[in-house]
Amino acid sequence: MTSPAVENDLRAAIRTIPDYPKPGILFRDITTLLGNARAFRRAVDELVQPWAGSKIDKVAGIEARGFILGGAVAHQVSAGFVPIRKKGKLPHQTVRMAYLLEYGTDEMEMHVDAVQKGDRVILVDDLIATGGTAEGAVKLLRQVGAEVLAACFIIDLPELGGAEKLRKLDVPVRTLVSFEGH
Ligand code: AMP
């Protein structure tokens, strides 16, 4: 857990857009946090704070907001960065994993040589909801032999159960701010 002061600071930097992209959804917009130098730095520092003293080989970020945060985190912990992308975007040989969306499935990919067997990897994205996306990413990383040290997100929507789902897969989860509802 983060301290209440840090959580309040970060919460205040996140903008909520009602009914986007469709009616009933409260979209948690982190562009306001990214645009706030102090909040952005704080979020990046806090995301990996429990693993700051550990050996981290790679930080994997999920397209697209996970790239912004994951790149900054990778720099911070002196690790390499690995993009996990929607299918068909990466130019070299890839491994692919199907994952669950609210309606239906999609597929994500990473380069087959982006991670070496035994690499210690931290997964980063902006938000965990149902956990379908992050679960797919964990499976993809494990498929190529990575050790997933943790999955880190700025925002948790606990009612949707994603963080719990990852913990059941033996992945430690760190989130900085929780919001009620969807
Ligand atoms: P899930 O696979 O259900 O955990 O969804 C996580 C992905 O969907 C993340 O990459 C988020 O960026 C995005 N997402 C889901 N719900 C929201 C929301 N309420 N506000 C902003 N992004 C969301």
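Just follow the structure's listing: the first ligand is 1, and inside any ligand the first atom is 1. This chain uses plain numbering: 1 for the first residue, then up along the sequence. Remember, predicted model here, so these are calculated numbers, not experimental data.
- A salt bridge links Lys139 with Glu135: at least one charged nitrogen is closer than 4.0 Å to a carboxylate oxygen.
- Here the heavy atom of the protein found nearest to atom 2 (O) of ligand 1 is Thr133 OG1, 2.5 Å.
- Heavy atoms of Leu26 found under 4.0 angstrom from ligand 1 belong exclusively to the backbone.
- For atom 10 (O) of ligand 1, the closest non-hydrogen atom on the protein side is Asp125 OD2, 2.9 Å.
- A salt bridge links Asp9 with Arg38: the distance from a Lys NZ or Arg NE/NH1/NH2 to an Asp or Glu carboxylate oxygen falls below 4.0 Å.
- At a heavy-atom cutoff of 4.0 Å, ligand 1 is contacted by both the backbone and the side chain of Thr130.
- Within the 4.0 angstrom cut-off, atom 8 (O) of ligand 1 has no protein heavy-atom neighbours.
- Within the 4.0 Å heavy-atom cutoff, Gly131 counts among the residues contacting ligand 1.
- At the top of the distance list for atom 17 (C) of ligand 1, counting protein heavy atoms only, stands Leu127 CD2, 3.6 Å.
- A salt bridge does not link Arg85 to Glu109: none of the charged side-chain nitrogens sits closer than 4.0 Å to a carboxylate oxygen.
- For ligand 1 and Arg65, the ligand atoms under 4.0 Å from any heavy atom of the residue are 12 (O), 21 (C), 22 (N).
- Remark: minimum distance from atom 12 (O) of ligand 1 to any protein heavy atom is reached at Asp126 OD1, 2.8 Å.
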